[in-house]
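One structure coming up, written as structure tokens, with questions to follow.
All figures in this text were calculated on a predicted structure; none of them were measured in a lab.
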Amino acid sequence: MLVRDAMSTVVLTIGPAHTLRQAAALMSARRVGAAVVLDPDGTGIGILTERDILNSVGLGQSPDTEYAHAHTTTDVVFATPTWTLEEAAHAMTHGGFRHLIVLDHGEPTGIVSVRDIIRCWAPARQRVPARS
């Protein structure tokens, strides 16, 4: 199975000047765990995850005054739609992250997460018998 079969094509994109609160509200509304940060004048394409926001708040920083650019991961590993899910899982395991931005011809066309991969690999609605 390929990344294109598992990825979400709903890609939330934000700018580097979004506050963490704005980013969190958009991520919550879309029910996604990561946003692609597009900074054409700076670092290019980066990613902001729910963990990045959580870490900032955990440090006592205000989500109203902290901006996405300060918490964006810019040394991103990108997948292509033709990667296998095994390749994507290996990249995530090796890099210690849970989301991959999928690029097609240099443009973000999707995001694949660990959850997406598990959903593809797990048997559909298989019931596990209860133990006594």
Side-chain angles (χ1 to χ4, degrees):
M1 190 168 264
L2 301 178
V3 164
R4 81 168 113 243
D5 302 318
M7 72 183 194
S8 170
T9 56
V10 177
V11 179
L12 172 61
T13 58
I14 63 172
H18 277 81
T19 66
L20 293 187
R21 183 175 306 280
Q22 290 169 323
L26 291 168
M27 290 164 65
S28 179
R30 297 258 183 105
R31 300 187 57 156
V32 297
V36 174
V37 181
L38 297 179
D39 188 1
D41 299 326
T43 58
I45 300 173
I47 190 166
L48 179 74
T49 68
E50 57 199 357
R51 183 172 292 166
D52 297 324
I53 296 169
L54 181 67
N55 287 340
S56 174
V57 172
L59 290 171
Q61 298 172 335
S62 170
D64 294 312
T65 58
E66 289 295 313
Y67 293 94
H69 71 86
H71 301 278
T72 298
T73 300
T74 56
D75 58 339
V76 179
V77 175
F78 297 103
T80 68
T82 58
W83 275 21
T84 65
L85 293 185
E86 289 80 7
E87 288 173 303
H90 175 75
M92 290 178 185
T93 302
H94 182 71
F97 46 81
R98 298 178 298 161
H99 299 87
L100 279 170
I101 299 172
V102 182
L103 292 184
D104 195 10
H105 303 301
E107 295 295 321
T109 59
I111 291 187
V112 65
S113 68
V114 169
R115 181 178 295 161
D116 296 327
I117 293 171
I118 291 171
R119 198 173 297 138
C120 288
W121 284 348
R125 297 191 179 253
Q126 181 181 8
R127 294 190 59 142
V128 177
R131 292 185 176 201
S132 328

For residues Glu66 and Ser56, is any side-chain donor paired with an opposing acceptor at under 3.5 Å?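 Looking only at side-chain atoms, Ser56 and Glu66 do not form any donor-acceptor pair under 3.5 Å.
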Quick one: does Val57's side chain get under 4.5 Å of Leu54's, heavy atoms only?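 The answer is no, as the side chains (C-beta and beyond) never meet within the 4.5 Å cut-off.
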Linking I/L/V/M/F/W/Y whenever their side-chain heavy atoms sit closer than 4.5 Å, directly or via other members, would Tyr67 and Ile14 fall into one cluster?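 In one cluster with Tyr67: Ile14, no.
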Out of curiosity, Ile101 CD1 to Phe78 CZ, how far, rounded to the nearest 0.5 Å?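 It is 5.0 Å, given to the nearest 0.5 Å.
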State plainly whether one hydrophobic cluster holds both Val11 and Val76, where clusters connect Ile, Leu, Val, Met, Phe, Trp and Tyr through side-chain heavy atoms under 4.5 angstrom apart.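 Yes, because Val11 and Val76 connect within a single hydrophobic cluster, where side-chain heavy atoms sit under 4.5 Å apart.
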side-chain contact (heavy atoms from CB on, under 4.5 Å) between Ile47 and His99, intermediate numbers included: CA-CA 9 Å; Ile47 190 166; His99 299 87; 3.8 Å; yes
Do Val102 and Arg4 have side chains that get closer than 4.5 Å, going by heavy atoms?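 With C-beta onward as the side chain, the pair stays apart.
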Min side-chain heavy-atom separation Pro108-Ile45 under 4.5 Å: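 Side chain of Pro108 against side chain of Ile45, heavy atoms only: contact under 4.5 Å found.
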Grab the two heavy atoms, one from Arg98 and one from Glu50, that are nearest each other, plus how far apart they are.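 Residues Arg98 and Glu50, closest heavy atoms: NH2-OE2, 3.5 Å.
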Using 0.5 Å steps for rounding, measure from the CE atom of Met1 to the SG atom of Cys120.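 The distance works out to 5.0 Å.
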Does any N or O in the side chain of Thr93 come within less than 3.5 Å of the main-chain N or O of Ala89, such that one atom is a donor and the other an acceptor?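 Side chain of Thr93 to backbone of Ala89: a pair is present.
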Heavy atoms, side chains only, cut-off 4.5 Å: are Leu100 and Ile111 in contact?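 Side chain of Leu100 against side chain of Ile111, heavy atoms only: no contact under 4.5 Å found.
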Residue from Asn55, Thr49, Leu48 passing side chain to side chain contact (heavy atoms under 4.5 Å, CB included) with His71: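 Filter result, single survivor: Leu48.
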Verify, without hydrogens or angle tests, whether His94 (side chain) and Ala91 (backbone) share a donor-acceptor contact under 3.5 angstrom.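 Not at all, since once roles are kept as given, no pair shorter than 3.5 Å links the two residues.
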Between Thr109 and Met7, is any pair of side-chain heavy atoms under 4.5 Å apart?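 Yes, close enough: below the 4.5 Å cut-off.
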Tell me whether Val3 is reachable from Val114 by hopping between hydrophobic residues (I, L, V, M, F, W, Y) whose side-chain heavy atoms are closer than 4.5 Å.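 Looking at the clustering, Val3 is in the same group as Val114.
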Cluster overlap Trp83 with Ile117, hydrophobic side-chain contacts below 4.5 Å: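 Same cluster: Trp83 reaches Ile117 through Ile, Leu, Val, Met, Phe, Trp or Tyr contacts under 4.5 Å.
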Count I, L, V, M, F, W, Y as connected when their side-chain heavy atoms are under 4.5 Å apart, and connections chain through other members. Are Leu12 and Phe97 then in the same cluster?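 Leu12 does not cluster with Phe97.
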Testing the basics here: between Ala34 and Met27, what is the closest heavy-atom pair and its distance to 0.1 Å?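 Shortest heavy-atom separation between Ala34 and Met27 comes out as N-CE, 3.6 Å.
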Do Thr72 and Thr74 meet the criterion of a side-chain donor-acceptor pair at a distance under 3.5 Å?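 Note: Thr72 and Thr74 side chains miss the donor-acceptor criterion.
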Verify, without hydrogens or angle tests, whether Glu87 (side chain) and Thr84 (backbone) share a donor-acceptor contact under 3.5 angstrom.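 Yes, the answer is positive, given that a donor and an acceptor are paired below the 3.5 Å cut-off.
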Any pair counted as salt bridge (Lys or Arg N to Asp or Glu O under 4.0 Å), so long as it reaches residues 108-122, sequence neighbours left out: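 Non-adjacent pairs meeting salt bridge (Lys or Arg N to Asp or Glu O under 4.0 Å): Asp116-Arg119.
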Using atom types as modelled and distance alone, determine if a side-chain donor or acceptor of Thr73 lies under 3.5 Å from a backbone N or O of Asp75.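 Flag not set: sc Thr73 to bb Asp75 has no pair under 3.5 Å.
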